[in-house]
Amino acid sequence: VSDFSYVYRVRSTDGEVYAGKVENSHTPNRDKAKQAIDNEIKQMKALEGVPCFSTCIADGTDAETQNRFFVSPLLIGANLEEILKAYGRPLPLAAVEIVFVPLLEAVAGLQKQQLAHCDIKPKNIFITQDLSVYLLDFGSATAFDSTVKFVSRHYAAPELLSAHDK
């Protein structure tokens with residue numbers, strides 16, 4: 001759950017279970033919510049097949065609510081924020097390597113695509129049960145030559161905050 005969207009477990013007609021992300025129509029800024037989910041769909045499609053990024057299996061607009069949505073594989077595990085809270089102390093070096101080597105490779109892949117994620121934080125780093133690492137939530141992602149529209153205040157670079165506050 002975020003200000004702009006909700007994530008649900010969804011089941012297809014053939015019984016397969018996926019993750020479904022739906023625009024939050026109750027947010028005070030519906031245009032930003034729609035823009036964020038459209039951007040996430042666009043970036044997921046651009047990064048299809050690149051390790052550490054989930055794929056967009058399907059997307060559309062709900063006919064009744066006009067909410068934008070997409071469907072992706074259901075990842076079983078926990079985000080880094082949940083893991084850190086449960087562990088209660090700094091992670092051992094071996095665990096840090098398991099998470100951050102693939103994460104840095106993912107960021108390098110974004111750089112090759114000329115994309116900036118703009119919202120890397122523990123909540124958006126997901127570790128599956130088989131220790132695969134995924135960088136999630138591309139609602140704020142932007143091309144290097146674009147203006148950053150959304151940032152998570154506590155995780156943003158200072159130059160983004162000063163530019164964002166103007």
Side-chain angles (χ1 to χ4, degrees), residues 1-83 99 102-153 155-156 160 164:
V1 177
S2 77
D3 291 340
F4 298 132
S5 60
Y6 298 101
V7 178
Y8 300 97
R9 283 180 187 239
V10 296
R11 189 176 305 276
S12 68
T13 55
D14 63 359
E16 290 293 318
V17 179
Y18 299 94
K21 191 168 189 177
V22 181
E23 162 195 349
N24 177 0
S25 59
H26 302 294
T27 186
N29 194 335
R30 180 115 190 239
D31 290 339
K32 275 190 178 180
K34 191 173 292 295
Q35 181 182 5
I37 203 159
D38 283 341
N39 190 51
E40 187 161 6
I41 292 165
K42 175 185 168 188
Q43 304 309 340
M44 288 176 73
K45 288 180 176 181
L47 293 164
E48 193 166 330
V50 178
C52 296
F53 303 110
S54 190
T55 56
C56 179
I57 297 170
D59 67 277
T61 303
D62 182 271
E64 185 179 317
T65 64
Q66 295 302 300
N67 288 346
R68 293 284 292 140
F69 69 88
F70 68 85
V71 177
S72 61
L74 180 66
L75 301 175
I76 305 297
N79 68 46
L80 185 56
E81 180 178 79
E82 294 166 336
I83 292 168
V99 173
L103 180 63
L104 291 172
E105 290 170 352
V107 172
L110 287 174
Q111 186 175 15
K112 286 180 185 173
Q113 297 280 341
Q114 296 289 300
L115 291 174
H117 185 280
C118 298
D119 200 19
I120 296 175
K121 58 187 176 185
K123 189 175 180 180
N124 290 338
I125 300 167
F126 195 89
I127 298 93
T128 64
Q129 290 177 336
D130 69 355
L131 302 180
S132 296
V133 176
Y134 287 85
L135 183 55
L136 303 177
D137 195 352
F138 281 80
S140 301
T142 187
F144 281 167
D145 62 352
S146 298
T147 302
V148 175
K149 295 172 184 72
F150 313 113
V151 294
S152 287
R153 218 170 228 334
Y155 296 97
L160 290 180
H164 196 265

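One is the number of the first residue; the rest follow in order along the sequence.
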Rounded to the nearest 0.5 Å, what's the gap from [atom1] on [X] to [atom2] on [Y]? Could you check?
X      : Y      : atom1 : atom2 : value
Leu103 : Glu105 : CG    : CD    : 9.5 Å
Phe4   : Ser140 : CZ    : OG    : 7.5 Å
Leu47  : Thr55  : CG    : OG1   : 11.0 Å
Ile125 : Asn79  : CD1   : CG    : 9.0 Å
Lys45  : Phe138 : NZ    : CZ    : 15.0 Å
Leu80  : Ile120 : CG    : CD1   : 12.0 Å

Do Val99 and Ile83 have side-chain heavy atoms sitting under 4.5 Å apart? no

Is the shortest heavy-atom distance from the side chain of Thr27 to the side chain of Lys32 under 4.5 Å? no

Neighbour count above 12 (heavy atom, 6.0 Å) for Phe53 CZ: yes

Closest non-hydrogen atom pair, [X] against [Y]:
X      : Y      : answer
Thr128 : Tyr134 : CG2-CE1, 3.6 Å
Met44  : Cys56  : CE-N, 3.6 Å
Ala33  : Glu23  : CB-CG, 4.0 Å
Cys52  : Ala106 : CB-CB, 3.6 Å
Thr142 : Cys118 : CG2-SG, 3.6 Å

Evaluate the criterion side chain to side chain contact (heavy atoms under 4.5 Å, CB included) for residue pair Gln111 and Val107; output intermediate values, then yes/no. CA-CA 6 Å; Gln111 186 175 15; Val107 172; 5.8 Å; no

For residues 65-78, tabulate all N or O donor-acceptor pairs below 3.5 Å that involve a side-chain atom, not counting sequence neighbours.
from	atom 1	to	atom 2	distance (Å)
Thr65	OG1	Asp62	OD1	3.1
Thr65	OG1	Asn67	N	3.2
Thr65	OG1	Asn67	ND2	3.4
Gln66	NE2	Ala63	O	3.0
Asn67	OD1	Arg30	NH2	2.6
Arg68	NE	Asp38	OD1	2.6
Arg68	NH1	Gly60	O	2.8
Arg68	NH1	Thr61	OG1	3.3
Arg68	NH2	Asp38	OD1	3.2
Arg68	NH2	Asp59	OD2	3.4

Going through the distances and angles, do Val22 and Ile37 end up as a side chain to side chain contact (heavy atoms under 4.5 Å, CB included)? CA-CA 8 Å; Val22 181; Ile37 203 159; 5.6 Å; no

Using the test side chain to side chain donor-acceptor pair (under 3.5 Å), find all partners of Ser25 that sit at least two apart in sequence or belong to another chain.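 Expected list: none.
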
Asn39: side chain to side chain donor-acceptor pair (under 3.5 Å) partners, not counting sequence neighbours: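 By the side chain to side chain donor-acceptor pair (under 3.5 Å) rule, Asn39 matches Gln43.
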
Any donor-acceptor pair under 3.5 Å from Asp119 side chain to Asp137 backbone: no

